[in-house]
Amino acid sequence: MTVELSIECGDELVAEALDEALMPDNRYFPKDQSFEASKEGSVLRFEVSSPRARPVVGTVTSIISDARLFRDVWLEAKTRGLGSAPQ
C-alpha cells in the first residue's frame with residue numbers, strides 16, 4: 001500500500017516552519033515501511049509505503065494530526081503575536 005499526501009501551505013515560510021515541526025516525529029518507522037518527504041515552494045509532499053496497511057494509515061494520520069495542531073498554534077501565534085502576555 002502506498003499513500004501520497006500533499007499539504008499546500010499559505011506560503012513558503014509556513015511550509016518551511018511546518019516541515020521543521022514535522023520532521024523530528026518522522027524519523028523512525030517499521031522496517032518494512034518506506035517514507036519520503038519533500039518540499040517544493042509552499043507544498044509539502046509525503047509518500048508512505050508498506051506491504052501492511054495499518055502502519056501506512058497510522059503514519060499518514062499522524063502527519064495530518066500534527067499538521068492540524070501546527071495550523072492551530074500558527075494561527076494562535078499570528079492572532080495574538082509571538083511573545084505576548086496571556087490575556
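Not measured: the values here are computed from a predicted model.
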*Not counting sequence neighbours, list each pair that qualifies as a ring-ring contact (aromatic ring centres under 6.0 Å, His included) and has a residue in residues 56-76.*
F70-W74

*Which atom pair, heavy atoms only, marks the closest approach of A15 to G41?*
CB-O, 3.7 Å

*With side chains defined as the heavy atoms from C-beta onward, is the minimum distance between F46 and I64 less than 4.5 Å?*
no

*Considering residues at least two apart in sequence or located in another chain, which fulfil the salt bridge (charged side-chain N to carboxylate O under 4.0 Å, His left out) criterion with R71?*
none

*Go through the structure and list residues passing salt bridge (charged side-chain N to carboxylate O under 4.0 Å, His left out) with D11, not counting sequence neighbours.*
none

*Please tell me if the side chains of V3 and V57 come closer than 4.5 Å, counting only heavy atoms from C-beta onward.*
no

_From CA spacing to verdict: side chain to side chain contact (heavy atoms under 4.5 Å, CB included), R45, E40_ = CA-CA 8 Å; R45 288 191 171 79; E40 293 179 31; 3.6 Å; yes

*Sequence neighbours excluded, which residues qualify as salt bridge (charged side-chain N to carboxylate O under 4.0 Å, His left out) partners of E8?*
none

*Do L44 and L18 have side-chain heavy atoms sitting under 4.5 Å apart?*
yes

*asked:* When you compare the side chain of T59 with that of Q33, does any pair of heavy atoms fall below 4.5 Å?
replied: yes

*In chain order, what residues pass the side chain to side chain contact (heavy atoms under 4.5 Å, CB included) check against R54, with sequence neighbours excluded?*
none

*Using side chain to side chain contact (heavy atoms under 4.5 Å, CB included) as the criterion, list what pairs up with V73, not counting sequence neighbours.*
L69

*Measuring from R52:CZ to M1:CE, what's the distance to the nearest 0.5 Å?*
12.5 Å

_Can you tell me how far apart CD (E4) and CD (E47) are? Round to the nearest 0.5 Å._
4.5 Å

*Given side chains that start at C-beta, do those of I7 and V43 come closer than 4.5 Å, heavy atoms only?*
no

*Would you say the side chain of T2 lies within less than 4.5 Å of the side chain of V56, judging by non-hydrogen atoms?*
no

*Start with the C-alpha gap between K39 and E16, add the side-chain angles, then the distance that decides, and say whether salt bridge (Lys or Arg N to Asp or Glu O under 4.0 Å) holds.*
CA-CA 8 Å; K39 184 177 89 55; E16 184 67 34; 3.7 Å; yes

